[in-house]
Amino acid sequence: MDQSGKSEFLPGFWYAALPSEELRRKGMRRQRLFGLPLLFVRDGSGAVHALDDHCPHRGIPLSDGSFDGWEIECCYHGWRFSCSGQCTAIPSLTPDSSVNPGRIKVRTYESAESDGLIWIYKRKSKEPLPPVPFLEKPSENYTLQVLSRTMRCEMDHGIIGLMDPAHGPFVHQAWWWRTGKSIHEKEKRFEPIDYGFRMSAHNPSSNSAAYKLLKIYGEPITTTIDFVLPNRRIEKIRSGKFWYSSLAVVTPVDELETRLDFVAAWNVFRGVPFLKSIQRYFGSKFIDQDKRIMEKQAAGLRDRPNLMLIDGADTPAKWYFQLKNAYQKSVEEGTEFENPIHEPVTLRWRS
Ligand code: FES
Ligand SMILES: [Fe+2]
């Protein structure tokens with residue numbers, strides 16, 4: 001957060017824009033991100049393109065126009081644009097006009113698709129594109145699930161909420177997850193990784209029912225939870241040949257609103273009828289609990305009260321701000337990013 005308490009996003013990363021299934025072939029979708037009005041289209045071949053959602057003529061949103069799968073037509077004066085933003089036709093031009101549509105372009109952004117999400121790249125300068133984020137999937141057959149929400153809260157609070165170990169028993173209290181009575185002291189080892197930190201454990205959250213389910217396979221369970229800049233929480237659980245991976249990202253829509261996109265893949269219980277719907281039901285409940293608490297917090301934060309981050313349970317949040325500051329400094333000064341977390345640390349808290 002800057003001096004005014006506003007969340008600033010970091011350039012030089014891929015950000016999740018929307019779930020793939022929300023953009024059908026030959027369809028278009030407007031989606032504001034980073035305070036920018038963006039237009040996403042999926043062309044007739046299935047490829048996704050991201051453009052500035054303004055007509056370069058007189059600024060009307062292109063998303064108010066029409067799209068035939070190859071060209072976008074503005075609804076005001078019918079100017080047409082290819083998916084790469086090139087103006088291809090200006091209906092009002094006379095043959096002797098000196099206006100050249102070939103010189104008119106809508107701004108475009110790099111976009112990509114992976115694991116059920118559409119991503120957009122936010123540039124630092126002319127750097128080469130890093131790989132698009134993806135889930136680690138240790139076997140070929142798996143179930144994939146995407147859940148997305150828009151929350152009325154600022155990005156930074158959404159992100160530290162992802163890495164907050166102490167809210168579980170209070171926000172996610174449910175018989176199938178964990179109960180208030182199950183709070184006990186935890187001790188977890190954290191270590192620095194590229195652009196973030198990792199929590200590794202060999203006996204994950206023994207008080208949660210969801211993990212207990214994996215135990216029925218009888219193999220030891222290992223789990224890692226990574227936080228990686230700019231906004232990614234990556235969880236991996238393995239138990240013998242069974243695995244579960246998830247990626248949660250928090251992306252700013254504008255100063256007041258944030259997207260939470262969650263994608264999970266697993267090869268556990270495949271073939272159980274209705275399992276995907278059951279998991280969607282519980283996944284949605286879980287993510288809605290986070291959304292509700294984030295929005296309540298945002299209501300409190302409107303008065304800009306003083307905040308506290310305490311050692312132990314809030315240390316990951318402190319690390320997030322340190323990582324973010326170090327990254328911003330490296331961009332401003334044009335220097336190599338250096339992880340401010342230098343060595344493994346053991347944290348203790350009760351949850
Ligand atoms: S405003 Fe788009 S064609 Fe005129
Ligand atoms: Fe949560």
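When a residue number appears, it is its place in the shown sequence, counting from 1. Numbering of ligands and ligand atoms starts at 1, following listing order. Atoms considered below: every heavy atom in the structure, side chains included; atoms not considered: hydrogens, waters and symmetry mates.
Counting heavy atoms from C-beta outward, Tyr76 and Asp64 have side chains that stay 4.5 Å or more apart. With a 4.5 Å cut-off on side-chain heavy atoms, Asp164 and Pro316 do not count as touching.
The protein non-hydrogen atom at the shortest distance from atom 1 (S) of ligand 1 is Arg58 N, 3.4 Å.
Taking 2.8 Å as the threshold, His77 does not count as a candidate ligand of atom 2 (Fe) of ligand 1, since none of its N, O or S atoms lies below it. Put simply, Cys55 gets within reach of atom 2 (Fe) of ligand 1, with an N, O or S atom under 2.8 Å from it. Note on Asp290: counted as a metal contact of the Fe ion (ligand 2), an N/O/S atom lying under 2.8 Å.
If you look at His57 and ask which of its N, O or S atoms sits nearest atom 4 (Fe) of ligand 1, the answer is ND1. Atom NE2 is the N, O or S atom of His167 at the shortest distance from the Fe ion (ligand 2).
Gln297 pairs in a side-chain hydrogen bond (donor to acceptor under 3.5 Å, both in side chains) with only one of the listed residues (His157, Glu154, Arg292), which is His157.
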side-chain contact (heavy atoms from CB on, under 4.5 Å) assessment of Gln328 paired with Leu10: CA-CA 7 Å; Gln328 280 170 320; Leu10 303 175; 3.5 Å; yes
Check against side-chain contact (heavy atoms from CB on, under 4.5 Å), Ile183 and Phe170: CA-CA 10 Å; Ile183 294 182; Phe170 300 94; 3.7 Å; yes
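A tilted orientation is assigned to the rings of Phe9 and Phe34, their planes being inclined by 30° to 60°.
Listed by number with element, the atoms of ligand 1 under 4.0 Å from a non-hydrogen atom of Cys74 are 1 (S), 2 (Fe), 3 (S).
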